[in-house]
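So you know, we letter chains A, B, ... as the sequences are listed, proteins then strands, and number each from 1.
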Amino acid sequence: MTTATANKVKAPKKGFKLDRQMIPTLAAVVIFLLMIIMGQALFGTYIRLGFISSLFIDHAYLIILAVAMTLPILTGGIDLSVGAIVAITAVVGLKLANAGVPAILVMVVMLLIGAVFGLLAGTLIEEFNMQPFIATLSTMFLARGIASIISTDSLTFPDNNNFAFIANEIKIIDNPKISNDLSFNVGVIIALIVVIYGYIFLHHTRTGRTIYAIGGSRSSAELMGLPVKRTQYTIYLTSAILAALASIVYTANIGSAKNTVGVGWELDAVASVVIGGTIITGGFGYVLGSVLGALVRSILDPLTSDFGVPAEWTTIVVGLMILVFVVLQRAVMAVGEKK
Amino acid sequence: MTDKTPIVVMKGITIEFPGVKALDGVDLTLYPGEVHALMGENGAGKSTMIKALTGVYKIDAGSITVEGKPQSFNGTLDAQNAGIATVYQEVNLCTNLSVGENVMLGHEKRGPFGIDWKKTHEAAKTYLAQMGLESIDPHTPLSSISIAMQQLVAIARAMVINAKVLILDEPTSSLDANEVQDLFKIMRKVRDSGVAILFVSHFLDQIYEITDRLTILRNGKFIKEVMTKDTPRDELIGMMIGKSAAELSQIGAKKSRREIEPGEKPLLEVKGLGKKGTINPVDLDIYKGEVVGFAGLLGSGRTELGRLLYGADKPDSGTYEFNGKKVNISDPYTALKNKIAYSTENRHDEGIIGDLTVRQNMLIALQATRGMFNPIPKKEADAIVDKYMEELNVRPRDPDRPIKNLSGGNQQKVLIGRWLATHPELLILDEPTRGIDIGAKAEIQQVVLDLASKGMGVVFISSELEEVVRLSDDIEVLKDRHKIAEIENGDTVSQATIVETIANTNVNGKEA
Amino acid sequence: ACGSSNNAGGSSSDGGKKTVGFVAVGPEGGFRTANENDIKSAFADAGFELVYSPTQNNDQQKQIQAFNKFVNDEVDAIILSSTEDSGWDDSLKKAAEAEIPVFTVDRNVEVKDDAAKKAIVSHIGPSNEWAGEQAAEFVNKNFPDGANGFILEGPAGLSVVKDRGTGWSNKIGSNIKVLESQSANWSTDEAKTVTAGLLDKYKSDNPQFIFAQNDEMGLGAAQAVDAAGLKGKVKIITIDGTKNALQALVDGDLSYVIEYNPIFGKETAQAVKDYLDGKTVEKDIQIESKTFDAASAKEALDNGSRAY
Amino acid sequence: MAEKAKEEGNALVKKLLSNNLTWSVVAFILLIVICTIFQHDFLALSWNTNTGGLAGPLITMLQESARYLMIATGMTLVISTAGIDLSVGSVMAVAGAAAMQSLSNGVNVWVSILIALLVGLVIGCVNGALVSLLGLQPFITTLIMMLAGRGIAKVITSGENTDASAVAGNEPLRWIANGFILGIPANFVIAVVIVILVGLLCRKTAMGMMIEAVGINQEASRMTGIKPKKILFLVYAVSGFLAAIAGLFATASVMRVDVVKTGQDLEMYAILAVVIGGTSLLGGKFSLAGSAVGAVIIAMIRKTIITLGINAEATPAFFAVVVIVICVMQAPKIHNLGAAMKRKRALKAQAKAVAA
Ligand SMILES: Nc1ncnc2c1ncn2[C@@H]1O[C@H](COP(=O)(O)OP(=O)(O)OP(=O)(O)O)[C@@H](O)[C@H]1O
Ligand SMILES: Nc1ncnc2c1ncn2[C@@H]1O[C@H](COP(=O)(O)OP(=O)(O)OP(=O)(O)O)[C@@H](O)[C@H]1O
Ligand SMILES: [Mg+2]
Ligand SMILES: [Mg+2]
């Protein structure tokens with residue numbers, strides 16, 4: 001019926017632009033591999049089963065946090081409270097565990113505490129018009145404050161606690177040398193599940209798509225009749241609960257914690273998300289990118305240490321590496337845009 | 001007709017914004033199976049009325065009943081659940097997502113593993129096809145299609161909800177004649193299925209073509225509800241503007257062509273100006289006092305060419321001479337410095353600076369050319385603002401209101417004032433009359449002619465061929481990002497001439 | 001330092017230099033910088049290849065990561081200057097499995113697991129509790145009739161803060177009243193603000209001493225005291241013994257400085273060397289610290305022996 | 001007549017109630033009241049012959065607020081462009097380190113000050129260049145600078161907390177942070193003068209409007225001939241420069257830089273001050289006066305914490321509660337509560353009437 005319109009609307013090449021959105025994430029993959037290869041070539045210890053194993057085991061928590069942080073950032077928001085939520089849930093969790101509360105119950109309480117802070121952040125943002133940055137900054141102070149009010153002691157799990165199952169390493173390949181063992185633990189599995197959950201949530205649920213829509217334009221999303229408010233609550237609730245989960249994994253892993261745990265982790269998580277190609281102003285990005293970002297972020301520290309970077313220079317070098325990374329992504333994207 | 005039971009009844013709706021009563025006791029009744037138009041000048045309160053119905057704004061007084069039930073929606077979502085689908089005046093979609101997703105957002109087809117993307121995209125395709133967009137791949141990013149096409153996408157989106165009420169706020173303002181016809185076909189089909197359609201447009205022809213019933217607003221007040229077929233045009237215009245139609249300044253028939261004197265140097269002369277992927281190299285001359293129209297279908301590259309002339313995009317080929325001098329127009333600043341101004345078609349994203357006041361919006365371009373540290377003296381500023389508010393009849397006449405609170409049409413007028421304040425020698429107007437009421441449209445057309453007669457060169461880009469033909473001395477015809485013809489306007493030239501040219505010429509300039 | 005390209009590489013027990021991994025805190029000025037620099041130079045002098053890995057924000061997680069990496073790198077020994085005293089069991093177990101000896105410095109760590117315990121060869125460092133006790137003893141001695149005062153603490157929750165506090169409470173006399181303890185975050189500048197506030201608030205209580213848990217805070221407190229015109233009337237006791245503090249002691253800004261001796265790189269290097277050579281090493285190597293009053297401070301400064 | 005006056009009065013009250021600044025001032029006064037309850041002579045001022053200026057809790061509070069005033073001012077401009085500058089705290093440390101280190105290396109005190117300011121300016125310019133020329137996202141750019149800045153400070157002092165209190169001829173710098181002008185803390189006076197100067201610069205020229213325009217709609221601004229890149233560069237440079245001044249205030253106060261602690265977390269305080277002052281993190285319209293009040297409030301909160309003797313453990317929680325309360329008070333929802341209830345009642349009555 002409408003040949004006139006049909007003719008003039010020539011379909012551009014399929015999926016071209018979608019690919020471009022993935023470029024930063026792909027760049028993260030390439031750079032991660034390059035870093036591993038460089039580490040191996042120079043120091044000979046990076047392509048070792050032991051190294052890979054502990055990369056995942058030691059950073060399961062960061063992977064979870066990176067997934068958590070991806071949600072608010074996709075909407076153009078942020079959740080600065082994740083590190084502090086790790087602290088308060090850890091402190092409460094350990095206190096309870098030491099009081100003889102069964103592990104499962106402790107975990108549930110930890111997750112609930114996370115949920116309370118997520119709900120608080122959501123309420124401040126949605127009901128009182130606070131910007132996410134400020135709202136979660138407040139809940140961060142609050143969570144950390146309450147954590148230190150509860151206890152400033154270094155708390156350790158009682159013997160034979162049921163948390164240990166998360167940390168117990170499962171060896172797949174058990175070589176005589178520990179550096180050649182391939183192993184993982186339940187924490188890694190939890191992280192993996194979180195990643196899969198994040199992927200499905202963002203790409204295969206309506207709420208997930210609404211998150212992207214809000215990131216594109218909140219007012220449009222509202223006028224399109226999407227449940228923006230509910231979604232915002234979901235986001236901050238989810239990120240806080242995931243932070244509590246990260247806390248479970250982390251504390252189980254090292255067997256102890258205290259109120260100062262998790263200082264600065266929110267920034268590590270943000271860095272991971274950004275390295276993974278998610279744009280801080282929202283609308284574009286992938287959970288898988290964030291996971292890669294977390295791995296890249298994790299590998300920066302051993303690299304600087306192996307390079308023998310003088311102590312004063314380490315933060316500069318880490319900063320520069322992230323910068324190079326971001327600039328590189330930017331360049332790749334610019335080239336993509338031109339083509 | 002009146003024996004039908006109404007589906008929506010709005011009574012005594014009053015909405016007050018700080019300082020303005022946008023609506024004051026307005027009634028509106030929608031019947032199933034009818035197309036109902038909200039009529040009124042810019043700022044009369046049409047969009048506000050719509051937002052009141054869908055719960056975007058809270059009403060201060062009045063009542064809304066939908067299907068006999070009193071309702072107070074808390075936003076589009078609630079309205080949608082009650083069967084009201086809305087396409088707002090400013091396109092409200094998400095540019096970061098694909099076309100298909102925008103159509104289906106919130107209504108994605110689900111399978112056992114959450115959203116089934118294949119089915120969703122297929123569904124999107126059928127809805128897009130209804131709007132004549134069957135050749136758009138639903139995976140295309142929304143940001144890569146034009147505003148006009150986005151408008152169609154927004155309408156396709158409204159079709160997804162099996163609505164009982166369909167609200168379209170100025171859906172046709174950026175469409176060309178063909179698309180308007182396509183849209184009307186769909187509207188008729190929808191109407192015949194028993195849906196009530198609320199329609200807003202400033203095109204009287206369209207109103208008479210498609211609507212059954214009219215509600216007329218003026219200055220936020222309810223004037224009258226009438227049947228379209230019983231209301232002559234003059235009477236309608238009279239009710240809308242509050243004075244008799246005859247008083248409307250009439251723009252004469254076709255403007256007489258400005259003759260170029262032999263040996264006269266053009267004001268602007270570009271050769272081979274182009275940018276890969278957006279517009280193929282174009283030669284173009286514009287003389288002082290000349291109005292040059294750009295005609296073409298949607299996506300033909302008119303906007304792109306305008307943006308190249310203004311330096312909003314960087315050309316990658318061609319030469320550019322202005323006033324006999326070679327210039328390098330690398331960005332809008334240099335363009336303005338060279339006395340070239342460009343008024344965008346994308347008012348919302350590239351035009352208004354929403355939170356700034358009308359005054360600031362009007363002065364900002366002039367200020368930019370003067371430099372940050374050379375503020376415009378207050379007296380001069382006041383004079384400029386007063387002058388253009390008056391000349392362009394901006395309402396309300398309060399320069400200290402944020403521009404985002406003005407109605408769409410009045411925003412457009414402020415923007416035109418902004419460019420005129422820079423005293424350009426070449427003014428590029430991209431869809432300047434889009435969304436503007438009949439009175440104001442005539443005013444703006446008059447302004448264009450006046451400016452030209454004072455020696456300004458004007459590029460006039462519009463999807464309404466009628467006004468292009470009426471105002472232009474020369475018409476550049478574009479197709480598929482090529483300039484395919486240059487038509488000297490004259491008595492023999494009509495809209496049909498241009499349509500034929502587009503149909504019969506291929507991009508190499510040869511007869512097809 | 002970038003030239004040490006294959007320092008961490010492979011099992012380096014084959015003839016060449018022995019590699020030692022140093023899980024450190026990172027430069028923070030004062031005590032920390034002196035301590036880590038001393039360890040680094042001592043190991044270089046002793047012919048070791050030292051791989052240095054600092055953390056940020058006192059984050060234990062980064063230390064654990066570094067530790068595990070050293071285990072994977074199969075270094076010959078690990079020096080652990082931990083930010084926290086617990087949470088090391090798993091990592092130490094790995095070290096034990098890989099037969100890498102671990103030497104804890106500065107802060108001792110608490111270990112429950114037996115296998116993990118085996119990994120720790122020795123602890124080298126001064127005692128925080130002792131330092132806190134010295135501060136209390138000084139106050140007891142100077143105010144036999146009792147006195148009021150403040151404590152300036154480090155950030156809430158660090159174990160140094162606790163240990164110094166515990167030492168203080170262990171020994172402090174019952175007639176000494178602490179009007180208020182506030183955290184000044186180890187910072188000179190914050191200590192000045194906090195002290196000024198406290199002096200205002202407790203003007204009527206005639207505060208006579210301030211126990212600052214480190215030199216930095218003590219120096220800040222001294223400035224506030226000075227500004228309030230109370231110099232000499234309020235005795236300020238600090239822990240660490242940096243040059244600046246000793247100078248302030250000489251100048252009469254501070255009253256007593258308890259050293260928390262950071263210079264034990266030599267001892268640490270020796271212990272590592274001895275162990276790798278098969279000799280037995282003491283389980284606990286206490287580093288002696290001194291206390292200074294104005295006179296001994298002047299002496300120490302004059303003979304130029306202070307390294308930090 | 002009376003009716004009208006009353007109506008006008010109501011409108012004024014309404015306007016005041018919905019103004020952020022009002023609530024900030026209310027919060028400020030409340031904090032003072034609380035402090036006075038705890039410490040009866042909180043408001044007392046005395047003349048300290050030792051320092052040649054006024055003394056008292058309020059005075060030390062003003063002294064501390066000077067640095068917040070500086071970073072909050074820079075932050076306001078940056079935030080107005082829809083950006084953020086997370087590096088101000090680190091820049092303070094770098095500038096402080098530069099000043100202290102050069103002083104102790106025997107550099108003339110004025111030259112040292114100049115070096116410090118220059119260093120801050122340079123870092124600001126680097127931020128600006130990365131954001132405007134390379135188009136990097138402000139958040140991540142300044143986050144990187146926040147990390148790297150600490151490192152730079154450590155490199156400057158070789159990891160030490162350089163102390164220049166004993167350096168001869170350091171008096172001018174010492175005076176900046178500790179001296180008095182007509183009895184009022186010099187740093188506060190300097191800070192206020194600078195805030196006023198920046199304010200004049202913004203409002204008497206077109207700079208303020210252009211900054212806002214870029215923050216509201218960058219593309220539209222570009223189309224009006226504004227050069228957004230220049231504006232972006234400018235605001236980050238200014239922010240860096242002002243942070244350097246704040247760094248001088250912070251370090252000169254004790255004539256010592258603390259490479260880890262100087263300026264730590266202060267970027268957060270600055271952002272809070274800006275938000276309390278009524279500038280939206282989304283960019284656009286800004287209020288320097290509001291941010292200035294916000295900055296003083298931050299200092300006041302910290303003073304309150306000391307005055308109430310709140311435990312170190314509880315300070316973050318206290319801080320959070322105060323901030324949340326202030327922000328909630330500012331929320332439009334709270335202001336509109338009355339109106340919304342009235343409207344609801346009216347509509348209900350109407351609905352009843354219709355039904356009847
Ligand atoms: N959010 C707002 N705040 C303040 N005033 C507003 C707001 N929205 C609209 N107005 C005012 O309400 C009046 C009605 O505006 P509305 O957008 O409904 O007009 P309209 O009839 O749709 O005009 P147009 O044809 O130009 O779209 C105008 O005077 C406008 O300035
Ligand atoms: N066939 C097409 N398929 C997809 N996108 C297209 C197509 N043609 C044009 N576009 C997009 O549409 C946009 C509009 O093109 P352009 O602005 O040049 O049209 P125009 O002639 O000015 O028409 P109008 O102003 O009426 O939209 C461009 O951004 C271009 O990317
Ligand atoms: Mg409208
Ligand atoms: Mg166009």
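Of all the listed residues (D:Gln218, D:Lys230, D:Lys285), the one sharing the greatest number of non-hydrogen pairs under 4.5 Å with chain B is D:Lys285. With respect to chain D, the highest number of heavy-atom pairs below 4.5 Å among B:Asp331, B:Asn361, B:Leu356, B:Leu336 belongs to B:Leu356. Among D:Ile231, D:Thr205, D:Ile226, D:Thr224, the residue making the largest number of heavy-atom pairs under 4.5 Å with chain B is D:Thr224.
In this structure, D:Tyr236 and D:Val126 have side chains that are not in contact, with every pair of non-hydrogen atoms separated by 4.5 Å or more.
Contacts of D:Ile211 with chain B are absent, with no heavy-atom separation under 4.5 Å from either backbone or side chain. Residue B:Arg370 does not touch chain D at all, counting heavy-atom pairs closer than 4.5 Å. Contact annotation for B:Arg307: only side-chain heavy atoms (C-beta onward) come within less than 4.5 Å of a heavy atom of chain D. Looking at D:Lys204, the atoms closer than 4.5 Å to chain B (heavy atoms on both sides) all sit in the backbone: N, CA, C or O. If you measure heavy-atom distances from B:Ile376 to chain D, you find no contacts under 4.5 Å at all. Both the backbone and the side chain of B:Asp355 have a heavy atom closer than 4.5 Å to some heavy atom of chain D. Both the backbone and the side chain of D:Met209 come within less than 4.5 Å of a heavy atom in chain B.
Counting only distance, with no hydrogens or angles, the side chain of B:Tyr333 and the backbone of D:Met223 share no donor-acceptor pair below 3.5 Å. With B:Thr95 contributing its side chain and B:Leu142 its backbone, the two residues share no donor-acceptor pair below 3.5 Å. Panel note: side chain D:Glu212, backbone D:Ser80; no donor-acceptor pair is recorded below 3.5 Å.
Looking only at atom types and distance, the side chain of D:Asn127 has a donor-acceptor partner in the side chain of D:Ser87 under 3.5 Å away. A donor and an acceptor atom, one from each side chain of B:Thr303 and B:Asp430, are located under 3.5 Å apart.
With sequence neighbours excluded, no residue satisfies salt bridge (charged side-chain N to carboxylate O under 4.0 Å, His left out) with B:Glu425.
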